[in-house]
Amino acid sequence: MDKFVILLIANSITAIVYFIWNFMRKKENMLGYGAKSLIMFLCPGLGPLYVCLAYVIYLSFFSKEVDLADVVFRKDRVQTYTHADEEWGRTVVSMEEALAVTDKDNLRTLMLNVVRGDIRNSLASISLALGSEDSETSHYAASVLQDSLNDFRATVQKCRNEIAKQEENQIEYVVMLIDYMDQVLRQRVFTDMEQSAFVAVMDEMCEILYDRERKRMTSVQFEAVSLRHLEMREYETCEKWCRRAKECYPDMLATYTCLLKLYFSMEKREQFFEVMDELRSSDIVIDNETLELIRVFQ
């Protein structure tokens with residue numbers, strides 16, 4: 001019995017000394033130390049043993065300093081410097097410049113490098129080589145361009161046939177065909193007659209998408225069909241799609257830039273400035289291309 005009393009007294013003294021010692025050290029988490037002291041006080045023997053064991057585990061596994069040399073928590077402390085590849089920059093020029101100054105051997109190498117990649121976005125550049133003084137380069141460009149345009153014609157026809165037959169997946173084919181056609185038509189590599197015919201096909205696909213699932217028609221697609229009609233000077237159809245874009249995407253910059261380009265081409269100053277005022281009164285951020293268009297018209 002005397003031993004139990006001695007244990008209680010020693011345990012109480014230990015808990016009180018533990019609390020006072022941490023209080024004198026001005027520890028910030030006094031609530032935690034108070035809870036530990038209470039555990040020690042209410043659990044004679046086991047309480048102090050628990051606290052000591054927890055402290056030993058902390059020293060063994062969690063008290064080691066963490067190397068934060070490679071860790072950055074604030075963005076304003078990050079300074080990344082990427083040096084320009086000057087050697088690569090000295091060897092890269094536009095296709096127009098290359099055709100003007102490159103000798104025959106380098107020009108042929110350039111054409112080979114162009115056609116090795118995905119040439120769907122390079123058709124306009126390849127078409128520039130048709131007028132090259134080097135007959136081999138022009139012949140090679142004509143062959144590549146002809147093959148690419150034939151593939152385009154065949155793909156468009158195949159997709160149209162699938163759209164005519166399909167009902168369940170018709171919209172998927174329509175969306176795919178609109179994006180595929182615009183990728184080529186925006187480069188203006190067809191004759192005016194054939195370009196106009198393909199723009200009409202693209203318009204037909206957009207009509208299907210707009211009538212059946214207009215929510216799936218993106219602002220980019222509205223802009224694409226509008227600009228393709230504008231390039232063919234089909235102003236009424238272009239304005240129709242611009243108005244539809246404004247109904248579906250009133251907060252997109254492309255909606256206003258298409259209207260501005262339309263009225264700029266038609267030389268309708270009053271409508272142009274009406275759209276410009278609407279754009280200025282909105283929260284849309286205007287890019288440099290739109291600002292330049294406004295400066296030119298003013």
Side-chain angles (χ1 to χ4, degrees), residues 118-124 127 148-266 268 271-272 274-275 278-279 282 284 287 289-290 293:
D118 186 358
I119 63 173
R120 282 181 298 177
N121 292 319
S122 305
L123 297 178
S127 65
S148 299
L149 297 185
N150 286 338
D151 289 341
F152 175 81
R153 297 182 184 101
T155 302
V156 170
Q157 187 59 47
K158 181 180 178 180
C159 288
R160 292 186 70 187
N161 294 338
E162 290 295 330
I163 291 169
K165 294 187 297 183
Q166 296 270 351
E167 290 188 3
E168 294 182 359
N169 299 322
Q170 186 184 59
I171 297 300
E172 302 299 330
Y173 277 98
V174 167
V175 171
M176 180 189 72
L177 185 56
I178 292 171
D179 296 335
Y180 174 75
M181 292 188 70
D182 184 61
Q183 189 178 19
V184 176
L185 294 180
R186 68 173 58 189
Q187 299 182 63
R188 298 297 303 273
V189 289
F190 292 102
T191 62
D192 288 343
M193 182 178 296
E194 194 169 13
Q195 178 82 6
S196 179
F198 279 122
V199 170
V201 174
M202 186 177 174
D203 182 273
E204 178 187 350
M205 298 300 106
C206 290
E207 284 286 359
I208 295 174
L209 181 58
Y210 182 81
D211 290 339
R212 293 188 55 181
E213 291 190 33
R214 68 182 61 181
K215 290 184 178 180
R216 289 195 58 181
M217 191 165 181
T218 65
S219 174
V220 174
Q221 290 169 335
F222 274 112
E223 181 184 21
V225 67
S226 300
L227 293 181
R228 299 297 79 79
H229 282 296
L230 180 60
E231 290 166 355
M232 302 309 299
R233 298 186 179 183
E234 297 168 353
Y235 297 135
E236 291 185 4
T237 311
C238 175
E239 187 171 17
K240 176 189 70 176
W241 285 109
C242 289
R243 294 299 178 187
R244 289 177 174 180
K246 194 173 183 181
E247 293 175 2
C248 297
Y249 296 97
D251 299 324
M252 297 295 292
L253 178 61
T255 299
Y256 293 90
T257 55
C258 285
L259 280 169
L260 289 173
K261 291 176 182 179
L262 172 64
Y263 294 135
F264 180 87
S265 300
M266 298 175 70
K268 292 186 176 182
Q271 289 90 334
F272 182 93
E274 285 179 1
V275 175
E278 290 181 23
L279 179 58
S282 69
I284 301 173
D287 60 10
E289 181 184 0
T290 307
L293 183 65

For residues 153-179, pull every pair meeting ring-ring contact (aromatic ring centres under 6.0 Å, His included), keeping only residues two or more places apart or in separate chains.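 Applying ring-ring contact (aromatic ring centres under 6.0 Å, His included) to every pair that reaches into residues 153-179, excluding sequence neighbours, yields nothing.
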Search all heavy atoms of [X] against all heavy atoms of [Y] and return the closest pair with its distance.
{"X": "C242", "Y": "S226", "result": "N-OG, 3.8 Å"}
{"X": "D192", "Y": "R188", "result": "OD1-NH2, 3.3 Å"}
{"X": "M202", "Y": "V225", "result": "CE-N, 3.9 Å"}

Beyond-backbone contact of [X] with [Y], side-chain heavy atoms, under 4.5 angstrom:
{"X": "M266", "Y": "Q271", "answer": "no"}
{"X": "R153", "Y": "N150", "answer": "yes"}
{"X": "D182", "Y": "R228", "answer": "yes"}
{"X": "V199", "Y": "E231", "answer": "no"}
{"X": "P250", "Y": "T255", "answer": "no"}
{"X": "E234", "Y": "S196", "answer": "yes"}
{"X": "K246", "Y": "F222", "answer": "no"}
{"X": "K240", "Y": "T237", "answer": "yes"}

Donor-acceptor contact below 3.5 Å, side chain [X] vs main chain [Y]:
{"X": "Q195", "Y": "V189", "result": "no"}
{"X": "S282", "Y": "L279", "result": "yes"}
{"X": "Q187", "Y": "Q183", "result": "yes"}

According to the interplanar angle, ranging from 0 to 90°, do the rings of F152 and F190 count as parallel (below 30°), tilted (30 to 60°) or perpendicular (above 60°)?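 Tilted.
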Distance (rounded to the nearest 0.5 Å) between [X] [atom1] and [Y] [atom2]:
{"X": "I208", "Y": "I171", "atom1": "CD1", "atom2": "CD1", "result": "7.0 Å"}
{"X": "L230", "Y": "E223", "atom1": "CG", "atom2": "CD", "result": "11.0 Å"}
{"X": "C238", "Y": "L259", "atom1": "SG", "atom2": "CG", "result": "8.0 Å"}
{"X": "D203", "Y": "M181", "atom1": "CG", "atom2": "CE", "result": "10.0 Å"}
{"X": "R243", "Y": "L262", "atom1": "CZ", "atom2": "CG", "result": "8.5 Å"}

Show the numbers, then the answer: is there a side chain to side chain contact (heavy atoms under 4.5 Å, CB included) between L227 and K261? CA-CA 9 Å; L227 293 181; K261 291 176 182 179; 3.9 Å; yes
I'd like to check the side chain to side chain contact (heavy atoms under 4.5 Å, CB included) partners of Q221; sequence neighbours left out, ordered by chain and number. V175, I178, D179, L209, M217, T218
Can you check side chain to side chain contact (heavy atoms under 4.5 Å, CB included) on E172 and R216, steps first, answer last? CA-CA 10 Å; E172 302 299 330; R216 289 195 58 181; 2.8 Å; yes
Salt-bridge criterion met for R244 and E207 (N-O under 4.0 Å):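 Salt bridge flag = yes for E207 with R244.
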Mind running side chain to side chain contact (heavy atoms under 4.5 Å, CB included) on E239 and Y235 for me, showing each step along the way? CA-CA 6 Å; E239 187 171 17; Y235 297 135; over 6 Å; no
